[in-house]
**Q** 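Could you have a look at this structure, given as structure tokens, before my questions?
It should be emphasised that the depicted structure is a prediction, and the values quoted were computed from it without experimental measurement.
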Amino acid sequence: MATFFSDLVQFRGLFQMILVLGIGGSFPYGFHISVINYPSVHIRKFINETWIERNGSPLHPETIMLLWSFIVSVYGIGGLLGSLCCGYLTTKYRKKKCQMCTNLIMLVAALFMAFSKTAKSFEMILVGRFLYGIGTGFSLNIHPQYVGEISPKKLRGFTNSTVAVFLTLGKLTGQVIGLREILGSEALWPWLLASSGLSALVQLVTLPFFPDSPSYLLIQKSNEEAFRKAIRKLWGEGDHQAEIDDIMKEKAAMASAKSLRVLEIIKERSLRWQLYILMTVMTTLQLCGINAIYFYSFEVFHTAKFEEYLIPYVSLGVGLCECLSSILCSTLIERFGRKVLLWGGYTLMCFVLVLLTTTLSLQHQFFWMHYFSVILIFLFVIFYGIGPSGATISIMVEIFSQSFRPSAFLIVGCINWMGLFVLGMIFPLIVDNLGPLCFLIFLGILALSAIFIYLYLPETKGKSIMEIKAEFNKLNFGKKETSVTENNFPKEQLFCTKL
């Protein structure tokens with residue numbers, strides 16, 4: 001505890017910047033995932049009323065549902081577009097400047113949302129959702145990279161896991177203010193959708209007072225004076241020479257580098273296993289079953305005889321549970337390491353899914369099975385928050401060097417946003433055809449990922465980028481070739497995010 005408080009004092013600049021980055025980073029992404037469900041009835045009614053006022057006749061229910069589906073899905077289209085543009089723009093104009101421009105996009109989107117009802121234009125909701133998507137596409141790429149680059153080795157796992165903390169906090173905030181007693185009413189839903197602009201405004205005002213990441217200033221800008229000034233501001237006074245030496249070594253390893261495009265990075269042998277790990281953890285995060293759990297939670301709570309008006313509050317408890325477990329992950333990740341939290345979390349989630357499939361299949365035969373299902377839903381969310389939710393982000397940041405991260409996160413962004421779109425399209429069909437047995441698909445994915453991570457992921461806790469590269473070289477080239485290739489890393493340059 002004494003060490004924690006001493007770190008809190010010494011690294012107070014770092015913790016302040018983590019807060020600022022989180023408010024405008026992964027927080028809006030989590031917020032928009034949860035908040036859009038609450039005003040759905042009001043928005044569909046608004047679309048129909050607007051159409052009647054313009055044309056004198058109501059829309060067909062299927063057309064209203066189609067427009068509503070497009071409002072929901074256009075967010076993912078914007079997110080994919082933002083992710084594709086982010087890599088190139090952040091390397092050319094730096095992450096801090098791009099994040100501040102992202103805040104301006106989010107504020108414009110908030111204005112569209114706020115005045116859509118007054119202007120009697122559902123098209124403004126479409127434009128607002130699209131702009132929100134572009135903004136979160138940028139911020140969800142920038143936030144993990146930025147926060148990973150400003151932290152020392154001993155706090156890197158903690159700082160990386162805060163991305164998941166702010167994401168789940170965004171989900172929880174959306175659930176809270178989306179309640180009909182707050183902003184989820186028919187009169188206030190435009191302000192519910194516009195409220196995300198507050199987090200963008202806070203970050204826009206505060207971020208200029210913080211520096212660019214030290215590694216960016218040294219490796220990509222070659223500004224050693226600004227580099228040391230940033231370290232003092234973020235890490236406080238103290239002996240940081242070992243950390244500085246590690247960044248200097250990384251800079252030296254990247255000297256005389258040539259440009260590599262994204263497709264060339266995919267073909268690069270020295271990054272092969274990093275990409276395998278990246279694809280595995282990101283795909284598993286999408287297909288681990290957490291969305292199915294949230295989907296089934298409403299049915300389980302209903303069959304467990306919860307009163308209808310209580311179900312949103314019980315679901316709020318699930319969101320709170322995920323948020324608290326993500327916070328717990330940030331405290332455990334430096335003690336147990338990333339690898340253990342990943343494969344251990346996957347394994348525990350597998351066991352829960354086996355039991356949950358059983359209880360859901362037998363819930364109509366034994367009335368008490370409903371209560372076991374409720375407990376298992378909470379357990380699954382806890383294991384997800386403690387394990388994959390926080391550790392995945394940390395792994396993605398740590399296995400790639402400074403100038404490869406934009407390209408790697410471009411790939412991550414494509415997987416994330418395309419995964420959301422595909423899952424949104426096929427998940428209802430899977431549920432309709434398989435019912436509770438749909439969890440067996442997620443069970444298989446989790447089991448295979450747990451085995452793969454246990455066998456092949458090197459532990460990154462407490463290691464420098466160069467040490468992590470050396471570990472992956474053993475996989476990429478084989479032990480016999482490691483000594484030959486250890487210093488022959490792929491050539492890197494600023495503009496490595498073009499297709």
**Q** Going by heavy atoms in the side chains, are Cys86 and Ile142 under 4.5 Å from each other?
**A** yes
**Q** How close do Leu193 and Pro39 get, heavy atom to heavy atom, and via which atoms?
**A** CD2-CG, 4.1 Å
**Q** Could you list the donor-acceptor pairs under 3.5 angstrom formed between side-chain atoms of residues 181-189 and any protein atom two or more places apart in sequence or on another chain?
**A**
residue : atom : partner : partner atom : Å
Glu181  : OE1  : Tyr313  : OH           : 3.0
Glu181  : OE2  : Tyr313  : OH           : 2.7
Ser185  : OG   : Leu188  : N            : 3.4
Glu186  : OE2  : Lys45   : NZ           : 3.0
Trp189  : NE1  : Glu186  : O            : 3.3

**Q** Any non-hydrogen side-chain atom of Met418 less than 4.5 Å from a side-chain atom of Leu80?
**A** yes
**Q** Which pairs, with at least one residue in residues 155-167 and sequence neighbours excluded, count as a salt bridge (charged side-chain N to carboxylate O under 4.0 Å, His left out)?
**A** Arg156-Glu398
**Q** Flag the pair Asn223 / Leu218 as yes when at least one side-chain heavy-atom distance between them is below 4.5 Å, and no otherwise.
**A** no
**Q** Answer yes or no: is there a side-chain heavy-atom contact under 4.5 Å between Leu457 and Trp343?
**A** no
**Q** Donor-acceptor pairs under 3.5 Å, side chain of residues 167-177 to any protein atom, not counting sequence neighbours: which ones?
**A**
residue : atom : partner : partner atom : Å
Thr168  : OG1  : Ala164  : O            : 3.1
Thr168  : OG1  : Val165  : O            : 2.9
Lys171  : NZ   : Glu322  : OE2          : 3.3
Thr173  : OG1  : Leu169  : O            : 2.7

**Q** Evaluate the side-chain contact (heavy atoms from CB on, under 4.5 Å) criterion for residues Phe112 and Leu126: first the C-alpha distance (whole Å), next the side-chain angles of each, then the deciding distance (0.1 Å), finally the verdict.
**A** CA-CA 9 Å; Phe112 272 99; Leu126 275 170; over 6 Å; no
**Q** Just how far is it from atom CG of Leu379 to atom SG of Cys321, taken to the nearest 0.5 Å?
**A** 8.0 Å
**Q** Nearest 0.5 Å, what's the OG-CD1 distance between Ser215 and Ile150?
**A** 10.0 Å
**Q** For Arg335, enumerate each residue passing the salt bridge (Lys or Arg N to Asp or Glu O under 4.0 Å) test, keeping only those at least two apart in sequence or located in another chain.
**A** none
**Q** Distance to the ring centre below 6.0 angstrom and angle to the axis at most 45 degrees; does that hold for Arg405 and Phe400?
**A** no
**Q** Hey, could you give me the SG/CG distance between Cys101 and Leu204, rounded to the nearest 0.5 Å?
**A** 9.5 Å
**Q** Going by side-chain hydrogen bond (donor to acceptor under 3.5 Å, both in side chains), name the residues that satisfy it together with Lys120, two or more places apart in sequence or in a different chain.
**A** Glu53
**Q** Answer yes if the ring centres of Tyr29 and Trp417 are under 6.0 angstrom apart, and no otherwise.
**A** yes
**Q** Side-chain contact test, heavy atoms from C-beta onward, threshold under 4.5 Å: evaluate it for Phe439 versus Leu443 and give yes or no.
**A** no
**Q** Is there side-chain contact between Ser139 and Gln203, with at least one heavy-atom pair below 4.5 Å?
**A** no
**Q** Counting C-beta onward and ignoring hydrogens, is there a side-chain heavy-atom pair between Pro152 and Leu14 closer than 4.5 Å?
**A** yes
**Q** Are Glu334 and Leu155 close enough, and set up right, to give a side-chain contact (heavy atoms from CB on, under 4.5 Å), and what steps lead you there?
**A** CA-CA 7 Å; Glu334 291 297 352; Leu155 294 175; 5.6 Å; no
**Q** Classify the ring geometry of Phe27 against Phe31: parallel below 30°, tilted from 30° to 60°, perpendicular beyond 60°.
**A** parallel
**Q** Would you list the pairs meeting ring pair (Phe, Tyr, Trp, His ring centres under 6.0 Å) in which at least one residue belongs to residues 113-147, sequence neighbours left out?
**A** His32-Tyr132
**Q** So, taking the atom named OG in Ser57 and the one named CH2 in Trp51, what distance separates them when rounded to the nearest 0.5 Å?
**A** 8.0 Å
**Q** Would you indicate whether the side-chain heavy atoms of Pro214 and Arg232 approach each other to under 4.5 Å?
**A** no
**Q** For the atom pair CG (Leu234) and NZ (Lys229), what is the distance rounded to the nearest 0.5 Å?
**A** 12.0 Å
**Q** Enter the distance from Ile125:CD1 to Ile47:CD1 here, rounded to the nearest 0.5 Å.
**A** 6.0 Å
